[in-house]
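Right, one structure below, let's go through it.
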Amino acid sequence: MSLTDRAAELDAADPLAAHRDEFLLEAAPAVTSYLDGNSLGRPLKATPAALDAFVRAEWGGRLIQGWTHDAQVGEGGWMDWPTDLGDRIGRVVLGAGPGQTVVADSTTVLFYKLVRAALDHALAEGRDEIVADTDNFPTDRFVLEGVAAERGATLRWIETDPAAGISAAQVAAAVGPRTALATFSHVAYRSGHLADGPAITAAVHDAGALVLWDLSHSAGSVPLALDAWGADLAVGCTYKYLNGGPGAPAFAYLARRHHGLLRQPVQGWMGHADPFAMGQGYRPDPGVRQLISGTPPIVAMVPVRAGVDQLERVGIDAVRAKSTALTSFALEVADELLVPHGVTVATPREPAARGGHVTLRAGDSGRDFRQTTARLWTEGVVPDFRTPDGIRIGLAPLSTSFGEVLDGLLALHRIVENS
Ligand SMILES: *Cc1c(COP(=O)(O)O)cnc(C)c1O
């Protein structure tokens, strides 16, 4: 069967195919193959209407009273949005019970707050090392460097192969009695390697330390079970697979058993136990709300709500099934068209060991994949380039068709073939 027929067959049999029509595909008519939904998800059709309704009815209609008055939509005022939306993300995305997740800030800022909270707590017990891996996303590594300098802590780096990911055995070998915190990405941003969440969490706990998961490339793509893993802390983005839009606020998870014990350092009035008391002296909210610092980005939560609504309707298990089928198909096409030209696959072959994206490396193809990516963009095929020589094919399950994957890889094939 030709690859074109295979793609058509897979699309015809795809139980989630109809959800593609829920996205504003027509807004980008020149983009024939969007392979970067893992970096910035497409907007849902419901989002412009939801934003318009928010501006008119909520902001325009309720003005300052919107913060505290009950909304017609049956939820609390905007003051409750960070924890209400956090609870929904917990339930639909993270496998987390209520009262442990909050929406605020950016992933970088929430990551800083959680690292500081965990480290400050552990320093009091004589633990002064943070374990991390060299292939984690830059912002995580940079924040860790800053916190280590600020607090006099030591960073212990695990060298990870950028074509693979972090293993429980590597973690077990690196943690010890001085470890305060260990932090990793669940899905590696380059290779797509899917870390063993429960096993790594257990390895960190065996050393008496806390674990902080970065779920930016997992949330909305891979099923998560933070409570069942016994995870301590987690952060992640909402503008990737949750389609919250550029700069959408992030989420943070703080397991209930740490409430009142771990304390984040950016003490603002919105994380105070009683924000409107406006009295002297900071007293943190006893729950997850203490992770908030200043006024939460309410308008920016509107698109996130639409994304979580859609995911709740579809269910993460169905999303994961399609995600695996998409990455498998991308690898099948790559093996047939690109590997013979020297391109190599940097993503684990075992479906259970990878997340929702696939990275192809220039290898011996003789191409500069940075230039190749720029050329693909001009042709309406939009993957992204990741150093040193990778083209990352992000496959957002709800908005990507098998035909779209094939179109993009055929365009890459034409370039590679003519080198
Ligand atoms: C995308 C991503 C981020 C982004 O952080 P921002 O603060 O939203 O810029 C952080 N960590 C990981 C692992 C990511 O993939």
Side-chain angles (χ1 to χ4, degrees), residues 35-42 82 85-86 89 93-94 102-116 130-147 157-158 160 162 164-166 181-195 197 200 211-222 224 226 231 233-253 264 266 291-294 296-297 300-301 303-304 307 323 346-347 354-359 383-387 390 392-396:
L35 304 175
D36 220 349
N38 60 325
S39 249
L40 180 64
R42 288 184 187 263
L85 183 55
I89 289 175
V93 182
L94 306 178
V102 78
V103 175
D105 305 322
S106 63
T107 300
T108 303
V109 170
L110 287 179
F111 184 78
Y112 171 79
K113 292 180 180 179
L114 292 183
V115 170
R116 273 288 309 265
I130 300 174
V131 171
D133 76 287
T134 52
D135 197 43
N136 204 349
F137 191 78
T139 213
D140 300 48
R141 292 185 278 108
F142 300 160
V143 166
L144 292 174
E145 285 175 21
V147 171
W157 293 106
I158 300 173
T160 31
I166 188 82
L181 171 74
T183 180
F184 309 103
S185 281
H186 182 233
V187 172
Y189 80 102
R190 267 200 278 230
S191 68
H193 175 272
L194 177 64
I200 290 176
V211 67
L212 164 53
W213 286 104
D214 189 328
L215 305 173
S216 294
H217 276 286
S218 313
S221 162
V222 180
L224 296 161
L226 293 183
L233 314 123
V235 290
C237 298
T238 64
Y239 54 78
K240 292 176 176 170
Y241 294 105
L242 295 176
N243 306 303
F251 61 83
Y253 164 92
Q264 65 95 358
V266 189
L291 295 180
I292 301 175
S293 297
M301 291 186 205
V304 180
S323 169
T347 300
R354 62 175 187 257
H357 63 270
V358 163
T359 297
D384 62 25
F385 174 76
R386 281 293 174 267
T387 56
R392 193 175 64 172
I393 314 288
L395 304 163

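Counting convention: from 1, in listed order, for ligands and their atoms alike. The shown structure was predicted, so the numbers you read here are calculated from the model rather than taken from an experiment.
Nearest heavy atoms, Gly244 versus Val304: CA-CG2, 3.9 Å.
For the residue pair Ser191 / Arg354, no side-chain donor-acceptor distance below 3.5 Å is found, with atom types taken as modelled. With 3.5 Å as the limit, one finds a donor-acceptor pair spanning the side chains of Asn136 and Ser185.
Residue-level contacts of ligand 1 at the 4.0 Å heavy-atom threshold are Ser106, Thr107, Thr108, Phe137, Thr139, Asp140, Ser185, Asp214, Ser216, His217, Cys237, Tyr239, Lys240.
Judged as a salt bridge (charged side-chain N to carboxylate O under 4.0 Å, His left out), and not counting sequence neighbours, the contacts of Asp105 are Lys113. Residues forming a side-chain contact (heavy atoms from CB on, under 4.5 Å) with Asn38 (at least two apart in sequence, or on another chain): Asp36, His217, Tyr241, His357, Arg392. Remark: Pro246 pairs with Leu40 by the side-chain contact (heavy atoms from CB on, under 4.5 Å) rule, at least two apart or across chains.
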